Amino acid sequence: MKKRRMYFRMITASLIRRRSRMLVALLSIAIGATILSGLVTIYYDVPRQMGAQFRNYGANMIFTAVDGSFTQDDINSGLSYIKKDDIVGVAPYRYENVRIREKSILAAGTDMEGAKAASPYWSIDGEWPSKDSEILIGANAAEQYELRIGDDVTVSYTPENAQVSGDNGEDIVEDETIDFKVVGILDTGGNEEDYVYMSMSDLEKLTNSETKIDVAELSISASSDQLKKYSQEISNQVSSINARLIKRVTASETTVLTKLQALVLLVTVVVLALTMICVATTMTAVVTERRKEIGLRKAIGASDKSIIWEFMGESMLLGCVGGILGSVLGFVFAQQVSIHVFSSSISFRPLLVPITILVSVAVTGISSLMPIKSATDVDPALVLKGE
Amino acid sequence: MFFRMIRGTLFRQWKKMLMIAFTIALGASLATAMLSVMLDVGDKVNQELKTYGANITVVPKDSSILNNLYDVEGGDFGSSYLKEEELGKIKTIFWAFNIVDYAPFVNTEAKLDDGTKVNVVGSWFNHHMELPTGEKLDAGITSMRSWWEIKDGKWIDEQKSDNHNVAMVGTAVAEKAGVKAGDALHLTGSAGDRTVRVVGIFDAGGDEDDQIFMPLNTAQALSDLNGRVDSIEVSALTTPDNELAVKAAKEGPSSLTVSQYETWYCTAYVSSICYQIQEVITDSVASPVRQVADSEGAIMEKTELLMILITILSLIGAALGICNLVTASVMERSSEIGLMKAIGAQNGSITGLVLTEIFITAIIGGVAGFFIGFGFAQIIGQTVFGSAITMRAMVIPIVAVLVVLVTLAGSIPAIRMLLRLRPAEVLHGR
C-alpha cells in the first residue's frame with residue numbers, strides 16, 4: 001500500500017516539478033492525439049457527407065410502372081422499404097401531351113417540393129410554382145412561345161376519348177382548358193427545357209382524371225450495393241412498381257466516392273505516421289535529458305526494473321492525459337471542418353475516445369522505453385560524471 | 001573560430017543534431033506532401049468526375065425545336081446539322097487544354113430485317129487525334145460512357161483496321177433482335193444498307209439500351225448524312241461559377257465591361273468555354289449540362305475545402321512538433337551556454353552561434369524532407385488517382401518559409417531564457 005502511494009507520488013511530483021518540460025511533451029502528445037481522432041472521425045464521415053453532395057446529380061433510382069401507371073400509394077409502399085434518413089427526395093411525374101396556342105407540348109405534372117429535392121441542379125429563373133394555376137416552363141419552350149415570367153398562358157388538353165367526327169370534322173368533346181401564369185423558366189441543359197411543369201392537381205383537373213403516375217424519380221443517399229438491394233426488394237415486393245437504378249449516376253458515384261475515401265484514408269495514414277514519429281522523437285528527447293537522474297537512482301540502489309516502471313508510468317500518464325485532451329480537441333476540429341465544409345454537424349463516435357487514448361499511451365510508452373533502457377544499461381558512475 | 005565551433009557541434013554532437021534534422025525532415029515532408037496533394041486535388045477530382053459524362057452539349061441552332069417538338073424523323077436534311085470537318089476546332093479554343101474529351105453524335109433510324117425500326121447512333125469510340133500542338137488524344141464514348149456495362153463482347157476499337165461495319169447493341173435491342181457478340185446484323189437505312197458485325201452488347205441502364213451505336217461514318221452512310229453531325233458532347237475541366245460567370249451566363253457576354261469580359265474569357269468557367277466553342281463551330285449552341293456542371297462545381301469546392309482544412313491541421317501539427325523538439329534541444333545545452341558566458345561570450349554571439357547551428361541542421365532536414373514529402377505525394381497520387389501529382393513551384397517557398405519560421409519560433413524563446421540564466425548557477429548544476 002505504502003509502496004504504491006510512493007510510486008504515484010514520485011510520478012506526479014516529477015511531472016509537476018518539471019512543469020515546463022512536461023507541458024511541452026504533453027502538448028506534442030495532445031496534438032498527435034488530436035490529429036488521430038480528428039482525421040479518423042473525418043475519414044468515417046466523408047462518405048456520408050460527400051454522398052450527400054453527390055445527390056446534386058439528382059435521382060439515382062426510378063420507379064416505373066409494371067403496366068400502364070401507378071399511384072401515390074404504390075410509391076409510399078415502395079418507400080417503406082427504404083430507410084427514412086436515406087431518402088433525399090422523391091418526385092412523381094405524369095406526362096401528358098397538351099397544347100399551347102394549338103401547338104402540342106409535353107406537360108409534366110409533379111410535386112414541386114419533391115422535384116426541387118430530387119433535382120437540385122434545376123436552375124430556375126423566377127420562382128418555383130407554389131400555388132394552383134402556376135406553371136414552370138422549360139427554357140427552350142419559353143423561347144419558342146416567346147413567354148416571359150408573369151405572362152398568362154392557356155393550356156388546353158383534348159381528352160383521349162375525344163372523337164373527331166361530324167361533317168366538318170369538329171370536335172364533339174370540348175377541350176379542357178386552364179389559364180396558367182408563368183412563374184419560372186427552367187434551365188437544365190437537358191430535355192427538361194422542352195417541357196412545361198405544373199402541379200399534379202392542375203394536371204388532373206386539366207385531364208379530368210384520377211391520379212396516375214408514369215414515373216417517379218428518387219434521390220437516395222446510399223452505397224451502390226445498398227441501392228441494388230433496395231431496388232430488388234421493391235421490385236419483388238411491390239407488384240405495380242419496377243424499381244430501376246440510373247446506372248450513369250450510381251456507377252459514377254461509386255467510382256468517385258471510392259477514390260475520395262481512399263484519398264482521405266491515405267492522407268490520414270501519412271499524417272498519422274508522421275505525427276506519431278514526431279511524438280516519439282519528443283518523448284525520446286525528454287527521457288534522454290534525464291540520464292543523470294537515472295544514473296543517480298541507480299547509484300543509490302534502485303533496480304533497473306523499478307526505474308523502468310517509474311519512467312513508463314510517467315510517460316503513460318502523460319500519454320493518457322494527452323489522449324483525453326486530443327480526443328476532445330479532435331472532435332472539435334472534425335466538427336469545425338464538417339460545419340465549414342459541409343454545413344452539417346458530425347456524429348460523435350464514443351469508440352474513438354478509448355482508441356485515441358490507447359494509441360497515445362502506446363506511442364508514448366514505446367517511444368520512451370528505448371531511451372530508458374539504454375539509460376539503465378549505462379554505468380551510473382559514467383552518467384553522473386557527465387560522460 | 002566561429003566556423004570551427006559550429007563544425008565541432010555538428011560533428012561531435014551529431015546524434016542530437018541528427019534527431020533535430022530528422023524531426024524537421026518529417027515536418028517538412030508532411031507539409032510538402034499535404035500542400036502538393038491539396039494544390040492538385042482539384043484537377044484530380046475534376047478528372048474523376050468526368051465519369052459522369054459530358055458537361056457541355058453542342059447542338060445546331062434550331063435542332064432542339066425540330067427534334068423534340070415536331071418529332072421530325074431522320075429524313076430532314078435542312079441546315080440543322082453541325083459540320084464534321086469542324087470537330088477538330090474544338091481543340092483549338094483558348095481553353096483547349098481543359099477539353100479532356102468529346103464525341104460527336106449522329107442519330108438516324110434503320111430497319112432490321114424483320115421490319116422493326118431501331119435508333120442508330122454514330123459516334124466516336126476511341127477516335128485518335130494528333131493535334132497541331134503535338135498533343136495526342138483518344139476521344140470518344142469509350143471514356144465518356146464509362147458507366148456502360150459490357151454484357152457480352154467488348155468495346156469497339158476504332159484504331160484497329162477492321163473498324164468499319166461494326167456496331168455495339170443496347171441490351172433491349174439485342175434481346176428483341178436476338179443477337180449476341182460476333183453475330184452479323186443487317187440494317188437498312190434510308191440511303192443504303194449495311195451488314196454490321198456486333199462487337200459488344202452494353203447495358204446503359206437508360207434510353208441508350210434501345211439504340212445501336214456504330215462508328216460515325218458507318219451511321220452517316222446509312223442515311224446519306226456524310227459530313228454531318230447532330231450534336232457534340234464535350235467534357236471539360238471547369239472552374240466553379242462565381243458572380244461574374246453567373247452574370248455572363250444570364251445576360252450574355254456583351255453585358256460585361258471590357259476588363260470583366262477579359263477575366264471571364266480567360267477563366268475556365270463553363271459559360272466561357274461554351275462561348276468559345278460557339279465561336280469555332282458554325283451555327284451552334286453550346287450549353288452546360290446543369291446536372292453535371294453544377295454538381296461538379298459543388299463537389300470540387302467541398303473536396304478542396306476539406307483538403308485545405310486537413311492540410312492546415314497537419315501543418316500546425318508539423319510546426320508544433322518541430323518547435324517542441326528545437327526548444328527541448330536548445331534547453332539541453334544550458335551548461336554549454338553557461339560556460340560560454342562565464343568565459344566572456346557576448347549574448348549576440350551566443351545567439352548567432354546556436355541559431356546558425358540549428359539553421360544548418362534545419363536546411364539539411366528541410367531539403368531531405370521536401371524530397372521525402374514529394375515521394376509521399378506521388379504515392380498518394382498513384383494509389384488514389386493512378387496518376388502523378390504535379391509539383392507546383394509555390395510549394396517550395398511555402399515549405400521553406402514554414403521551416404524557417406518554425407525553427408525560429410522554436411529556438412528564440414529558449415535561447416532568450418538561457419541568456420537570462422546566470423552562468424554560475426548553470427555551471428553549478430542547479
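What you see is a predicted model; the values in this text were computed from it and never measured. So you know, we letter chains A, B, ... as the sequences are listed, proteins then strands, and number each from 1.
By the 4.5 Å heavy-atom criterion applied to side chains, B/W147 and A/T255 are not counted as neighbours. Looking at heavy atoms from C-beta onward, B/R290 lies out of side-chain contact with A/W122 at the 4.5 angstrom threshold. Annotation: side chain of A/I42 is in contact with side chain of B/L306 (closest heavy-atom distance under 4.5 Å). Residues A/V267 and B/M307 form a side-chain contact, since some pair of their non-hydrogen atoms from C-beta on lies under 4.5 Å apart.
For the set B/I56, B/T303, B/T57, the count of heavy-atom pairs under 4.5 angstrom toward chain A peaks at B/T303. Among the candidates A/Q261, A/E193, A/Q336, A/Q53, the residue making the largest number of heavy-atom pairs closer than 4.5 Å to chain B is A/Q53. Most heavy-atom pairs under 4.5 Å with chain B, from the set A/T268, A/V337, A/D187: that is A/D187. For the set A/L265, A/V264, A/V256, the count of heavy-atom pairs under 4.5 angstrom toward chain B peaks at A/V256. When each of B/I316, B/V292, B/I308, B/V37 is scored by its heavy-atom pairs under 4.5 Å with chain A, the top score falls to B/V292.
We find the CD-OG1 distance between B/E48 and A/T258 to be 9.5 Å, quoted to the nearest 0.5 Å. With values rounded to the nearest 0.5 angstrom, A/K247 atom NZ is found 3.0 Å from B/D203 atom CG. Separation of atoms NZ (B/K44) and CG (A/L263) is listed at 11.0 Å; rounding is to 0.5 Å. A/L260 contributes atom CG, which lies 7.5 Å from atom CG of B/L49 (distance to the nearest 0.5 angstrom). Interatomic distance, B/L313 CG to A/T34 OG1, rounded to the nearest 0.5 Å: 7.5 Å.
Only the side chain of A/D125 comes within less than 4.5 Å of a heavy atom of chain B; its backbone N, CA, C and O stay farther away. Contact of A/E253 with chain B is made through backbone and side chain together, with heavy-atom distances under 4.5 Å. Contact annotation for A/F333: only side-chain heavy atoms (C-beta onward) come within less than 4.5 Å of a heavy atom of chain B. With a threshold of 4.5 angstrom between heavy atoms, B/E301 does not approach chain A through any atom at all. Residue A/V269 does not touch chain B at all, counting heavy-atom pairs closer than 4.5 Å. With a threshold of 4.5 angstrom between heavy atoms, A/I35 approaches chain B through its backbone and through its side chain.
The environment of OH in A/Y95 is crowded: more than 12 heavy-atom neighbours from other residues, nucleotides or ligands sit within 6.0 Å. Surrounding CG of B/D207 are at most 12 heavy atoms belonging to other residues, nucleotides or ligands under 6.0 Å away.
Across A/N56 and B/A298, no two heavy atoms sit closer than the pair ND2-CB, 3.3 Å.
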